[in-house]
Structure formats: C-alpha cells, structure tokens
Amino acid sequence: MASGTRTWSAATEAALYGPGGFYRRPEGPAGHFRTSVHASALYAGAVAELLRRVDEALGHPAELAFTDVGAGRGELLTGVLGQLPADVAARVRPYAVERADRPAGLDARITWVGDIPDGTEGLLFANEWLDNVPVDVAETDAEGVARQVLVQEDGEELLGEPVAGEDAAWLARWWPVEGAPPGTRAEVGRPRDAAWARAVGSLRAGLAVAVDYAHERAGRPPFGTLAGFREGREVRPVPDGSCDITAHVAMDACARPGSTVLTQREALRALGVDGGRPPLSLASADPAAYVRALGRAGEAAELTSPGGLGAFGWLVHPVGEACRGLLPEAPERASDGAPDRPGPEG
C-alpha cells in the first residue's frame, strides 16, 4: 500500500467517527442533509404506529423497547415518543444508538448508548444507518481484474491489490465486476451484512427495520454510488471529516431468511400515510382544517414520492412469529435503482 493511502473503509471510519469526525460535529446530520425524519412529523407518526402494532403483536409487554440505530440527535425518538398513546408510552424503553455525544436537553427517558443493546423486545429502527457503515471500494483495471481502491486524505485514489478472500466471494455473489470494462466499480457490502445481522440478532422478539437508499443485484450501478454531502449539496467524497461519506445499500445482500424489502411508499401507505388531497367540501365547512389537511397531504406526498423519498428501501425482518405480517409483503417488481439523498431544500 502506498504511503499516505488507506482503504475506503478505514478512511471513512476515521472521517465520520474519529476525533472531530463528521458525525461528531455539533450540528449533527440535520445541519447537512434532510432525511424523512426531518421532512415531516408524519414520519415519526408512522413509526409510532408501527411500534404500536409491535406492542399489540407481542401482547403488550411490561417493557417495550424502541431502539433507534444511528439516532442523530434523537429527532426520531423525540417525535415518536410525542405521538404514542399514553398506555404505550408508559411502557416504552427508548434507546438512542449513536457514536456522537448525547445532546443537551434530550428527553430524560431516552437511554443514550454507543452500541445496540442485546436481548430487547420491541422495535429496532435504523433510518439511514447502513449507508454510513464504512465499506471498501473495488474497481476493475485494464485487464478486468477487480482491485481494491485506495484513497488519500485529499480524496485522490489509486488502485491497490486485487480483491481477495471473503470480499472477492461477496462480489462474485452480490455485485459481480470481474471481467467488466476498466473503471467498473462496486462497493463491498460485507460489513453492512454483518452489521445488520448483529442488529437483528439483538432482538429477543419484535421487528427490525432498516430504511435506506438501496439497489438490488439486477440493477447495480456500474460506477458505484460512493458520494459526499455537505450543507445540502453533493460533493466529491473526501475523507478528511469535512463531509458525509455515503454509499447506497445492497439490501438484498443484507436481507436474511424471512426478510422482505418494501419501498418507503408501500410501507408508509400501509401505516396510514396518504398523500391524497382533502375533499374540497372541507374548505367551505372548515377552512382552517382544510389548510391543515392540505399541508399534511403535501408532506405525505413528499415522503411517498416514487421519485424521491418514497423510493427508499425498507428492509423488514420479524423476530419471532408474532410480528410477521405487520407490514405487507413486497410485490414483484423490477429493480430501478435508488433515489438521491435530498438536501435541506428537499
């Protein structure tokens, strides 16, 4: 390995989570990009509804865990706690899993932890977490050999040794590039598979959900998806802590037996988020209510837009028989890639 270069996974780990790393900065993710959590309180309401369904399926346990993996500054947890029925809220044990420090003023009920707690019973929800689990990058050389991509702190890249061992086996199964034209790229998602298996395995019973922008084997992007984001704009990925470094998720590789993958549009509609306009008759009967309903419809439309947030993937895995069928099975469809991460302006 050339002096001053690292694998993309090592460089990303340091840039995002090391001292002074991007995700340890005071402004948090919301200062740079807009997720579904920030787009509308309807999103937290849908997750609260899913948690309520999990609670019912589990028979209303004395302690119901809600584990938010990659919790940012606790925005989703705060929103969900504010929308739960009182009898459910009284039994919820909320966990924020985040490597940054606990923010000041966070609800005292929320337990702030650096790793996923084991043996919980309830809902584990990971919104845009897997895309920030660092991965290595491979690129084919002039002979079509998949080589590891190395990177300097300024973002300059060079090709290293051929990909070998378990990473080569993962590529062969999930993202074949060997023999492809020079410059064909892939992200080696094996660490994400392991991270998701660990998350699912932490549940004693309940439901695990990962939400991310994703792709499937039939539609892998030929030049990969590695990107940087800063202040609402996509930028060149530079592993110096100045920007987010992210890559779309191979959710079909992460999926375990019994899992299903839905679009966010399908999942949120099943949870009652509908972007339909309110009836015009409401405008004359109750103008203020009509305006409020129109605003909610606009927010719902943004969350479920097929060309935007609605195209995100929801990887759903029930742990135990009780939580099967809480969300619909995925319909048959062709893979059509993944949406871009929206910035603060949507």
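Just so it is clear, the values below take in all heavy atoms, side chains as well, and ignore hydrogens, waters and symmetry mates. Residue numbers start at 1 and run along the sequence shown.
- Residues V163, W170, W174, W175, V177, V188 make up the rest of the hydrophobic cluster containing L171, defined by ILVMFWY side-chain heavy atoms closer than 4.5 Å, directly or through other members.
- Distance CG/L150 to OG1/T5: 4.5 Å, rounded to 0.5 Å.
- Taking the charged nitrogens against the carboxylate oxygens, D212 and R192 have no contact shorter than 4.0 Å, which rules out a salt bridge.
- With respect to the salt-bridge test (charged N to carboxylate O, under 4.0 angstrom), the residues D244 and R230 do not qualify.
- Between R190 and D167 the shortest heavy-atom distance is NE-OD1, 2.9 Å.
- In this structure, a donor-acceptor pair under 3.5 Å is absent between the side chains of Y17 and N132.
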request  = Apply side chain to side chain donor-acceptor pair (under 3.5 Å) to T78 and D107, showing your working.
outcome  = CA-CA 7 Å; T78 301; D107 192 318; over 6 Å; no
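- There is a path of hydrophobic side-chain contacts, each under 4.5 Å, that joins L106 to V80.
- Between D118 and S202, the side chains place no donor N or O within less than 3.5 Å of an acceptor N or O (distance only, hydrogens not considered).
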inquiry  = Between D274 and R269, does the salt bridge (charged side-chain N to carboxylate O under 4.0 Å, His left out) criterion hold? Intermediate values first, please.
reply    = CA-CA 6 Å; D274 186 352; R269 286 190 163 186; 5.1 Å; no
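- E302 contributes no side-chain N or O that, together with a main-chain N or O of L309, makes up a donor-acceptor pair within less than 3.5 Å.
- The salt bridge (charged side-chain N to carboxylate O under 4.0 Å, His left out) test applied to E13 returns R99, not counting sequence neighbours.
- Between L123 and the choices T67, L58, V209, the side-chain contact (heavy atoms from CB on, under 4.5 Å) rule is met once, by V209.
- Hydrophobic side-chain contacts under 4.5 Å tie V238 to no other Ile, Leu, Val, Met, Phe, Trp or Tyr residue.
- When side chains are defined from C-beta on, R109 counts as touching L81, because their heavy atoms get closer than 4.5 Å.
- There is a side-chain donor-acceptor pair under 3.5 Å between Y213 and T246.
- Atom-to-atom distance recorded for L76:CG and D68:CG is 4.5 Å, nearest 0.5 angstrom.
- A donor-acceptor pair is defined here as one N or O able to donate and one able to accept, closer than 3.5 Å; such a pair exists between the side chain of E266 and the backbone of T263.
- Annotation: ring-ring contact (aromatic ring centres under 6.0 Å, His included) contacts of Y43 (sequence neighbours excluded): none.
- Here D252 pairs with R220 in a salt bridge; the nearest charged N to carboxylate O distance falls below 4.0 Å.
- The minimum heavy-atom distance between C243 and L16, with the atom names listed, is O-CD2, 3.9 Å.
- Closest approach of P94 and L77 over heavy atoms only: CB-CD2, 3.8 Å.
- The nearest pair of heavy atoms linking P306 to A311 is O-CB, 3.2 Å.
- When atom types are taken as modelled, the side chain of Q83 and the backbone of A48 share no donor-acceptor pair closer than 3.5 angstrom.
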ask   = Stepwise, does the side chain to side chain donor-acceptor pair (under 3.5 Å) test hold for T225 with E187?
value = CA-CA 8 Å; T225 63; E187 290 105 30; 2.9 Å; yes
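- Taking CZ of R265 as the reference point, atom CH2 of W314 lies at 14.5 Å (rounded to 0.5 Å).
- Checked for salt-bridge contact, E49 and R52 meet the test: a charged N lies under 4.0 Å from a carboxylate O.
- Taking the charged nitrogens against the carboxylate oxygens, D55 and R91 do have a contact shorter than 4.0 Å, which makes a salt bridge.
- The CD1 atom of I116 sits 5.5 Å away from atom CZ of R198, with the distance rounded to the nearest 0.5 Å.
- Between the side chains of H317 and S259, a donor-acceptor pair is found at a separation under 3.5 Å.
- Between R147 and D141 there is a salt bridge, since a side-chain N of the basic residue sits under 4.0 Å from a carboxylate O of the acidic one.
- Looking at R236 and E156, a side-chain N of the basic residue comes within less than 4.0 Å of a carboxylate O on the acidic one, giving a salt bridge.
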CA sep, side-chain torsions, deciding dist, call: V316, V261, side-chain contact (heavy atoms from CB on, under 4.5 Å) = CA-CA 6 Å; V316 180; V261 179; over 6 Å; no
inquiry  = Apply salt bridge (charged side-chain N to carboxylate O under 4.0 Å, His left out) to residues R185 and E157 and explain how you reach the verdict.
reply    = CA-CA 13 Å; R185 286 169 70 108; E157 295 180 334; 2.9 Å; yes
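- Contact record, A210 with L130: CB-CD1, 3.9 Å, taken as the closest heavy-atom pair.
- How far CG of D131 is from CZ of F312: 8.0 Å, rounded to the nearest 0.5 Å.
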request  = With side-chain contact (heavy atoms from CB on, under 4.5 Å) as the test, would you mind laying out the steps for L327 and L262 before giving the verdict?
outcome  = CA-CA 9 Å; L327 285 171; L262 303 168; 4.0 Å; yes
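- Without hydrogens or angle criteria, T184 side chain to P222 main chain gives no donor-acceptor distance under 3.5 Å.
- In this view, W112 satisfies the ring-ring contact (aromatic ring centres under 6.0 Å, His included) rule with no residue, not counting sequence neighbours.
- If you chain together hydrophobic residues whose side chains sit under 4.5 Å apart, V135 and L159 never meet in one group.
- In the model, Q264 has a side-chain atom that pairs as donor or acceptor with a side-chain atom of S36 under 3.5 Å.
- Considering only residues two or more places apart in sequence or on other chains, P318 meets the side chain to side chain contact (heavy atoms under 4.5 Å, CB included) condition with L207, C323, R324.
- Going from atom OH of Y95 over to atom OG1 of T111 covers 6.0 Å, rounded to the nearest 0.5 Å.
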